[in-house]
Amino acid sequence: MNTGITNRESTDESFRDSLATVDKEGKRKWIYAWKPKGKLYTMRKWLSYLYFIIFFGLPFVKINGRPLFMFNIPQGKFIVFGKIFWPQDFFIFGLAMITFIFFIILFTAAFGRLFCGWACPQTNFMEMMFRRVEFMVLGNANEQKALKNAPWTSNKIFKLSLKHVLFFVLSFIIANFFLAYIIGIDDLKKIITEPVGEHIAGLSSLLIFSGVFYGVYAFFREQACTVVCPYGRLQSVLLDKNSMIVAYDYKRGEPRGMKRKNQPAELQLGDCIDCFQCVRVCPTGIDIRNGVQMECVGCTACIDACNDVMDKIHKPRGLIRYASENSIATGEPLHYTTRMKIYTGLCLLVLTLLSVLLFTRKDIDVTVMRTPGQLFQERGADSVSNLYNIKVMNKTDKDIPLTIKVMSMNGSVQVVGKPYIHVPKEGQGSGSFFLILPKKDIYNRKTELKLALYEGDKKILTETTSFLGPVQ
Ligand code: SF4
Ligand code: SF4
């Protein structure tokens with residue numbers, strides 16, 4: 001007898017070997033996700049507004065005339081929080097990458113795909129911008145499906161054209177701002193306002209980026225998360241049974257099914273009424289009741305949908321909720337566990353270390369070395385000098401006329417051939433100088449001393465070096 005009841009344990013595992021978006025013939029199955037509504041969706045919507053303000057606003061923010069962020073890969077020039085980084089600072093980027101990977105491993109082990117659902121730009125643009133435009137123009141999921149199967153009429157052509165025009169316009173706007181993060185908003189303005197012929201490369205980049213974004217949001221969509229995204233693919237190794245995920249409480253929900261008249265009394269049904277609302281709203285087309293799956297982007301649409309159903313059938317909310325596999329198995333609520341606290345602490349620690357490194361990084365790098373093959377020179381009866389070579393890397397965007405003074409002793413500096421060392425902006429300067437000390441202050445063959453480097457009256461750096469003198 002078909003009771004209409006399914007038990008999770010009895011469902012086959014074929015979903016593990018197939019993608020929800022690809023049919024048996026290997027053809028794309030288009031996902032017509034229902035429009036989510038609920039507390040979590042509203043929270044995500046407001047958060048997405050904040051992200052959009054940040055994304056579209058940051059290129060206009062400048063510190064000392066420099067963009068707050070710029071990642072000019074073609075020129076190898078990066079600006080982070082208004083500080084310029086050059087290829088010479090590559091070790092910081094290496095460290096940033098290691099920190100980032102470390103952070104991802106810890107964060108994902110503790111909080112699962114929280115980032116994908118709540119902060120990932122792909123999810124936010126897809127779900128909170130493009131899909132909402134689609135709902136606006138084409139209607140809800142059923143209307144979209146009906147339109148797809150309808151014959152070509154002027155109404156269908158108009159609606160689909162409008163959707164694609166809007167998608168391209170949005171992609172073009174995003175591409176402009178994306179490019180602004182690479183070349184800076186000022187150069188972007190030049191591309192927009194100056195004659196086309198002068199900015200062929202810039203305009204081509206704009207069109208390529210627009211095309212890629214349009215292709216992703218209009219056609220590729222959720223597959224960017226389920227097939228391409230390396231972070232998504234890593235979930236299987238990063239998650240464990242204690243990770244926080246969007247999970248279905250099978251203990252409470254099974255056996256699932258709609259209560260029917262004449263149902264045998266011994267059949268004790270779980271809270272899941274098998275209404276498929278959680279599946280219909282899923283943007284990746286999966287059934288979360290099958291357990292943790294790589295395609296789940298943690299968008300929480302199924303939580304909202306199921307909570308709505310639970311309200312209607314007067315059952316407690318949370319049949320689908322944030323939980324760990326272990327907490328579902330034991331029935332324990334998800335706590336902010338010691339493990340999560342340790343991981344959060346470690347994440348904050350590595351982030352702090354990187355921030356300290358970024359903020360304490362010097363704008364000027366200096367190397368001072370005694371000229372090889374030279375010992376010391378007698379200067380009259382009472383002074384001795386050493387000859388030094390100096391190399392200076394200027395990471396700022398202004399020229400620096402560099403002068404040198406002795407800090408820790410009486411003495412003077414004489415730059416060879418010029419009054420100061422010229423260090424061009426975003427470039428390198430070099431020179432030689434004599435360091436002259438009074439003989440009476442030299443007690444050892446080797447004396448450690450400090451030099452101060454000045455830009456005008458402003459001391460910008462101190463450097464330690466050694467001075468060779470005659471043996472007394
Ligand atoms: S929405 Fe809730 S009740 Fe409906 S099928 Fe999904 S888990 Fe079951
Ligand atoms: S299973 Fe739920 S949380 Fe995961 S992608 Fe689908 S709707 Fe979002």
Side-chain angles (χ1 to χ4, degrees), residues 4-9 11 15-16 19-21 29 31-45 47-48 108 111-120 122-124 126-128 131 141 221-227 229 231-233 235-236 239 243-260 269-325 328 334:
I5 299 163
T6 322
N7 197 309
R8 186 174 185 260
E9 278 74 36
T11 55
F15 69 91
R16 298 255 177 237
L19 281 171
T21 50
K29 260 201 286 182
I31 304 289
Y32 295 96
W34 285 25
K35 190 175 181 180
K37 61 176 184 352
K39 210 168 97 190
L40 292 168
Y41 183 68
T42 308
M43 280 163 68
R44 286 175 57 227
K45 204 161 66 180
L47 207 56
S48 74
T108 310
F111 301 106
R113 292 189 84 164
L114 196 67
F115 170 82
C116 302
W118 291 82
C120 172
Q122 160 70 16
T123 311
N124 272 284
M126 184 68 238
E127 301 304 322
M128 298 297 163
R131 206 183 288 278
R221 296 156 75 97
E222 72 288 335
Q223 300 199 102
C225 309
T226 58
V227 180
C229 175
Y231 180 57
R233 315 301 295 171
Q235 298 303 308
S236 49
L239 295 180
S243 304
M244 186 179 91
I245 49 171
V246 173
Y248 165 68
D249 187 343
Y250 58 89
K251 293 249 168 173
R252 190 185 134 190
E254 305 293 318
R256 66 183 76 152
M258 201 68 94
K259 275 204 173 74
R260 293 184 178 183
L269 287 180
D271 283 355
C272 173
I273 58 169
D274 215 9
C275 64
F276 280 87
Q277 296 295 327
C278 51
V279 182
R280 288 188 184 113
V281 292
C282 179
T284 61
I286 59 169
D287 186 342
I288 192 66
R289 296 173 300 166
N290 288 329
V292 59
Q293 290 152 80
M294 207 159 54
E295 292 95 328
C296 173
V297 293
C299 72
T300 68
C302 54
I303 298 184
D304 276 333
C306 190
N307 280 343
D308 192 37
V309 174
M310 291 299 114
D311 288 348
K312 284 182 184 143
I313 62 170
H314 308 295
K315 297 273 183 185
R317 289 177 154 218
L319 181 58
I320 302 176
R321 61 177 184 272
Y322 274 124
S324 68
E325 283 199 277
I328 295 278
L334 184 75

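Whatever order the structure lists them in is the order used to number ligands and atoms, beginning at 1.
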How about C296: does one of its N, O or S atoms come closer than 2.8 Å to atom 4 (Fe) of ligand 2?
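Checking atom 4 (Fe) of ligand 2 against C296, an N, O or S atom does fall under 2.8 Å.
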Output the list of atoms in ligand 2 that are nearer than 4.0 Å to some heavy atom of G298, sorted by atom number.
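In order of number, 3 (S), 4 (Fe).
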Out of all atoms in ligand 2, which are within 4.0 Å of some heavy atom of I286? Include the element for each.
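In order of numbering, the contacting atoms are 1 (S).
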Would you say [X] and [Y] make side-chain contact, with heavy atoms under 4.5 Å?
| X | Y | value |
| --- | --- | --- |
| D274 | R289 | yes |
| M128 | R44 | yes |
| N290 | Y248 | no |

In terms of atom number and element, which parts of ligand 1 are under 4.0 angstrom from non-hydrogen atoms of [X]?
| X | answer |
| --- | --- |
| C272 | 3 (S), 5 (S), 7 (S), 8 (Fe) |
| M310 | 3 (S) |
| R289 | 5 (S), 7 (S) |
| I320 | 7 (S) |

Looking at K35, I'd like to know if its NZ atom is crowded, meaning that more than 12 non-hydrogen atoms belonging to other residues, nucleotides or ligands lie closer than 6.0 Å.
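No - once you tally the heavy atoms of other residues, nucleotides and ligands closer than 6.0 Å, there are 12 at most.
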Look only at the side chain of [X] and the backbone of [Y], and say whether a donor-acceptor pair between them is shorter than 3.5 Å.
| X | Y | result |
| --- | --- | --- |
| R113 | E295 | no |
| R252 | D271 | no |
| D304 | L40 | yes |

What's the shortest distance from [atom] to any protein heavy atom, and which residue and atom give it?
| atom | result |
| --- | --- |
| atom 6 (Fe) of ligand 1 | C278 SG, 2.3 Å |
| atom 2 (Fe) of ligand 1 | C306 SG, 2.4 Å |
| atom 8 (Fe) of ligand 2 | C299 SG, 2.3 Å |
| atom 3 (S) of ligand 1 | I273 N, 3.5 Å |
| atom 5 (S) of ligand 2 | V297 N, 3.3 Å |

Taking heavy atoms and a distance under 4.0 Å, where does I288 meet ligand 1: side chain, backbone, both or neither?
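Neither; no heavy atom under 4.0 Å.
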When you look for heavy atoms under 4.0 Å from ligand 1, do you find them on the side chain of R256, its backbone, both, or neither?
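It is neither part, as no heavy atom is under 4.0 Å.
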Nearest heavy-atom neighbours spanning I31 and C282
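Smallest interatomic distance, heavy atoms only, reads CG2-O, 3.7 Å.
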Worked verdict on D308 versus Q277 for side chain to side chain contact (heavy atoms under 4.5 Å, CB included):
CA-CA 9 Å; D308 192 37; Q277 296 295 327; over 6 Å; no
Please tell me whether E127 and Y41 have a donor and an acceptor in their side chains that are separated by less than 3.5 angstrom.
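Side chains of E127 and Y41: no pair found under 3.5 Å.
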Does V281 have a non-hydrogen atom less than 4.0 Å from ligand 2?
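False for this residue.
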Out of C275, G257, G270, C302, who gets a non-hydrogen atom closest to atom 4 (Fe) of ligand 1?
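The residue whose heavy atom sits nearest atom 4 (Fe) of ligand 1 is C275.
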Criterion side-chain contact (heavy atoms from CB on, under 4.5 Å) against Q293, the qualifying member of I286, I245, D287
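Only one of I286, I245, D287 forms a side-chain contact (heavy atoms from CB on, under 4.5 Å) with Q293, namely I286.
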Heavy atoms only, cut-off 4.0 Å: how does T300 contact ligand 2, side chain, backbone, both, or neither?
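Answer for T300: backbone.
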